[in-house]
Number of protein chains: 2
Amino acid sequence: MPTKRQALILTEIVRIYNETGQPVGSKTLMNQLPIQISSATIRNEMAALEEDGLIMKNHTSSGRLPSTSGYRYYLDYLLQPSVVSPQVFSTISQDFDRDFHEIDDIVKQSANILSNLTNYTSISLGPETINVTLTGFRLIPLGGDLVIAILATSMGSVESRVYRIPASISSDDLEKAVRIINDHLVGLPIDQVKQQLATEMPQLLTKYLHSPDGFLDMFGDVLRHAAAEHFYIGGRSNLLNSVQPDDLNRIKSIYQLLDKESVFPSLLDLRPNNDHQQSTDKPISVKLGDEFDNALLNDYGLITARYHVADHGEGIIAILGPTSMPYSQLIGLMQLFTDELVKKIYEYYNHFHDDS
Amino acid sequence: MPTKRQALILTEIVRIYNETGQPVGSKTLMNQLPIQISSATIRNEMAALEEDGLIMKNHTSSGRLPSTSGYRYYLDYLLQPSVVSPQVFSTISQDFDRDFHEIDDIVKQSANILSNLTNYTSISLGPETINVTLTGFRLIPLGGDLVIAILATSMGSVESRVYRIPASISSDDLEKAVRIINDHLVGLPIDQVKQQLATEMPQLLTKYLHSPDGFLDMFGDVLRHAAAEHFYIGGRSNLLNSVQPDDLNRIKSIYQLLDKESVFPSLLDLRPNNDHQQSTDKPISVKLGDEFDNALLNDYGLITARYHVADHGEGIIAILGPTSMPYSQLIGLMQLFTDELVKKIYEYYNHFHDDS
DNA sequence: TTTAGCACTTAACTACTATGAGTGCTAACA
DNA sequence: TGTTAGCACTCATAGTAGTTAAGTGCTAAA
């Protein structure tokens with residue numbers, strides 16, 4: 001456990017290292033610290049901090065920089081979110097001030113705003129589809145034996161996919177089947193729809209379809225895609241800001257990682273299992289270096305902010321940048337940003353359900 | 001105009017430089033050339049080639065490398081497409097051997113296959129929507145005053161967007177309006193639909209809608225999005241292969257370019273105006289360095305292959321890589337690749353119209 | 001026209017030498 | 001006991017000089 005003075009020194013090391021990117025020496029600290037102590041004393045304190053594993057050296061005679069544990073300690077105990085400037089605030093509201101046609105657009109735009117604001121990479125995941133209900137299911141014939149199956153949800157998202165229908169099924173029967181789906185399932189939460197799909201629907205449909213399996217597979221397939229989480233990454237190229245010019249291969253690997261969009265959210269553990277206590281407590285949490293599963297991200301930090309939209313579950317927005325980010329400012333920013341985002345999403349949903 | 005022997009030397013310089021990435025000296029050439037001449041003679045010939053601006057030096061005592069004009073000359077007069085190995089061929093057919101649900105999936109997959117195959121970045125643009133017809137238009141109420149407008153085309157693509165309908169319009173009238181759209185416009189090519197939208201439709205709709213403007217705007221909007229060209233970029237990260245480790249800023253700029261997907265096709269001039277004779281003649285053409293509008297791409301080359309799908313217009317697939325690419329192999333590959341791609345797209349469309 | 005020979009150029013590598021920022025330790029001091 | 005001045009020591013960085021190897025241009029001979 002560092003003493004109060006050691007904590008002060010650690011905070012200062014984090015601050016200066018984040019600003020300059022260079023290891024911090026005892027003389028520099030002496031000039032910057034609010035208290036009057038000599039460089040020798042600072043050296044002694046730094047030796048103690050190094051003993052505790054909170055700071056480290058690049059080589060015998062270099063200044064100190066925060067270790068991962070040092071960052072961790074700083075984030076958990078020392079950091080204080082700084083207040084966001086009014087200009088930034090008005091920038092955010094301005095960027096959000098448009099009419100969004102789909103919830104996905106809001107999610108996308110939020111990632112873009114945040115990455116523009118911070119010059120880091122941003123990842124945005126829409127509110128969980130807890131209370132989303134099925135609004136409608138349609139089949140539109142395309143000619144031939146192909147149809148487009150369209151599924152709409154109360155969130156305003158539409159999923160459409162093309163399928164082949166065996167010629168043996170008459171279009172009358174198809175229409176009836178679609179009507180049954182709509183009569184029985186519209187208005188139900190997606191989860192329940194999935195459930196009924198396995199239990200009651202097969203029986204109901206056998207009246208009209210000889211073998212409803214194909215039809216149900218199709219419906220299930222669209223449903224699965226509609227319920228899948230959509231997320232967006234903004235400012236990919238900012239990842240290049242933080243990297244040393246020499247290790248080009250690492251950049252490449254990280255980009256390949258980003259390209260494989262499918263694995264990204266699980267890799268970053270954006271939606272942790274509930275066992276993971278620490279992160280579920282606070283709305284904003286930070287994941288550092290070796291806490292990632294993938295070694296490629298060892299030099300990166302991820303600031304994750306959870307936000308809750310009334311009756312619509314949790315969404316997530318995150319910043320991915322180098323380990324040394326101005327956390328204090330960024331976390332202040334995130335608090336404000338999620339507030340605005342929640343406001344916007346809430347507003348969007350309200351337009352739906354209110355004026356009927 | 002280079003002599004025959006000079007052309008041979010140029011070809012060899014291009015080949016070796018592409019393989020090694022290093023400037024080529026007279027001794028190396030002496031050993032590699034199929035003819036028996038001394039290094040001194042080669043030096044003389046190289047001096048002549050340099051005089052013509054076809055090759056250049058990095059510094060006084062370095063070997064030679066092809067200049068942009070040199071590449072241009074090589075591509076226009078010397079290059080011979082090499083034959084693709086059977087393994088590559090079977091790789092291509094294998095990768096294409098799946099059931100595609102949408103034409104966009106084929107376009108996407110083709111970009112991925114090509115970039116995997118070549119280790120370069122690949123850009124794929126689907127066949128132009130010349131003969132695409134409107135297959136259906138639907139509105140699904142979402143509750144409140146919102147509806148999802150869904151437009152389907154004979155290509156199997158579906159565009160859906162959410163709109164707000166003024167409460168003054170009754171749902172009965174809306175349904176009638178939708179029916180009118182379907183009765184009058186289904187089966188027509190998109191172009192004609194657009195035309196009628198401006199001419200006849202307003203009159204027809206006034207019978208049912210007090211002011212059809214809002215409705216027509218909505219329909220026009222979906223139509224515009226449905227008709228927009230979709231393209232895909234595969235293997236973005238391969239761009240990093242070709243770049244010098246020191247100029248990180250250029251990489252970043254190029255990535256930002258790639259992120260702005262909207263400007264990319266026009267920048268690359270993938271669909272040149274028909275005046276541009278050279279490129280419309282050949283199905284495969286190459287654009288080099290300073291021929292790009294954007295200076296960022298000065299060190300890059302773009303191999304563009306046009307392919308024609310019967311009754312469905314032209315599609316484009318391209319490879320973006322460093323100026324020094326193994327053009328001979330790549331162009332051979334592209335010929336074969338577009339054949340396979342055309343086959344696949346044709347097959348896809350046939351499933352639509354044939355077995356009705 | 002071709003070739004051998006040679007002087008010349010240049011990038012890349014190596015070895016060596018400051019320089020300076022920074023540390024750890026000791027001894028004196030409050 | 002905590003703090004500070006002083007000093008020897010370490011190490012990355014930058015700069016200088018010398019060497020090597022690849023390559024050129026030019027001249028003169030075949």
Side-chain angles (χ1 to χ4, degrees), chain A residues 1-10 12-17 19-67 70 244-247, chain B residues 1-10 12-17 19-67 70 244-247:
Chain A
M1 283 293 97
T3 67
K4 209 162 181 179
R5 190 166 69 182
Q6 283 165 9
L8 185 66
I9 291 174
L10 175 59
E12 200 62 15
I13 291 177
V14 169
R15 191 185 65 77
I16 298 176
Y17 181 69
E19 273 178 22
T20 64
Q22 297 298 321
V24 187
S26 52
K27 272 188 196 163
T28 317
L29 276 170
M30 184 176 63
N31 294 327
Q32 301 279 331
L33 277 174
I35 52 174
Q36 286 286 338
I37 45 174
S38 77
S39 63
T41 310
I42 295 176
R43 279 202 290 282
N44 287 334
E45 296 290 45
M46 289 205 289
L49 281 169
E50 190 169 3
E51 188 83 3
D52 290 353
L54 297 177
I55 60 179
M56 54 192 250
K57 292 187 278 197
N58 274 337
H59 53 90
T60 344
S61 74
S62 82
R64 304 307 213 294
L65 55 130
S67 68
Q244 258 65 273
D246 47 335
D247 43 20
Chain B
M1 282 295 95
T3 66
K4 208 161 181 180
R5 190 167 67 181
Q6 283 164 12
L8 185 66
I9 290 175
L10 175 58
E12 199 63 14
I13 291 177
V14 169
R15 190 184 68 75
I16 297 175
Y17 181 69
E19 272 178 22
T20 64
Q22 297 299 321
V24 187
S26 53
K27 272 188 195 161
T28 316
L29 276 170
M30 185 176 63
N31 295 327
Q32 299 280 329
L33 278 173
I35 53 175
Q36 285 287 339
I37 45 175
S38 76
S39 64
T41 310
I42 294 175
R43 279 201 291 283
N44 289 333
E45 295 289 46
M46 288 205 290
L49 281 169
E50 191 169 3
E51 187 84 3
D52 291 351
L54 297 177
I55 60 179
M56 54 193 253
K57 292 188 278 198
N58 273 339
H59 55 88
T60 343
S61 74
S62 82
R64 303 308 213 295
L65 55 132
S67 68
Q244 258 65 274
D246 47 336
D247 42 22

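Numbers restart at 1 for each chain; the letters A, B, ... are given by sequence-line order, proteins then strands. No hydrogens, no waters, no symmetry mates; every other heavy atom, side chains included, goes into these values.
Scanning both residues, A:Leu10 and A:Gly70, for their nearest heavy atoms gives CD2-O, 4.1 Å. Here the shortest heavy-atom pairing between B:Glu50 and B:Met56 reads OE2-CA, 4.4 Å. Among all heavy-atom pairs drawn from B:Val24 and B:Ile13, the shortest one is CG2-O, 4.0 Å. Nearest heavy-atom pair, B:Pro66 versus B:Tyr17, reported as atom, atom and distance to 0.1 Å: CD-CD2, 3.7 Å.
When each of A:Val24 and B:Glu45 is assigned the nucleotide of DNA chain C bearing its nearest heavy atom, the one mapping closer to the 5' terminus is B:Glu45. When the nearest nucleotides of DNA chain C are assigned to B:Ser61 and B:Gln36 by heavy-atom distance, the more 5′-ward of the two goes with B:Gln36.
Atom CE in B:Met30 sits roughly 10 Å away from atom P in C:dT3 (whole-Å rounding). Rounded to whole angstrom, the span from the NE2 atom of A:His59 across to the P atom of C:dA21 amounts to 13 Å. Put simply, CD on B:Gln6 is 11 Å from P on C:dT2, counting in whole angstrom units. Computed from coordinates, the B:Gln22 CD to C:dA11 P distance equals 14 Å when rounded to whole Å. Here the C1' atom of nucleotide C:dA21 and the CD1 atom of A:Ile16 are 15 Å apart, to the nearest Å. Atom CG in A:Asn58 sits about 13 Å away from atom C1' in C:dA21, given to the nearest Å. If you measure from atom CG of A:Leu49 to atom P of C:dT23, you get 12 Å, rounded to the nearest angstrom. The CZ atom of A:Arg64 sits 11 Å away from the P atom of C:dG22 (whole-angstrom rounding).
Residue contacts shown for B:Asn44 include a base, since a base heavy atom lies under 4.0 Å away. Nucleic acid contact for B:Lys27: none, since no nucleic acid atom lies under 4.0 Å from a heavy atom of the residue.
For the side-chain contact (heavy atoms from CB on, under 4.5 Å) test with B:Ile37, the passing option among B:Met30, B:Glu45, B:Arg5 is B:Arg5; the others fail.
With sequence neighbours left out, the side chain to side chain donor-acceptor pair (under 3.5 Å) criterion links A:Thr41 to A:Ser38.
Around the NZ atom of B:Lys27, the shell of radius 6.0 Å holds no more than 12 heavy atoms that belong to other residues, nucleotides or ligands.
In this model, the phosphate group of C:dT23 is not approached by any side-chain N or O of A:Thr60 to a distance below 4.0 Å at OP1 or OP2.
A nucleotide of DNA chain D counts as in contact with chain A when one of its atoms lies under 4.0 Å from a heavy atom; the first and last such, 5' to 3', are D:dT3 to D:dA12.
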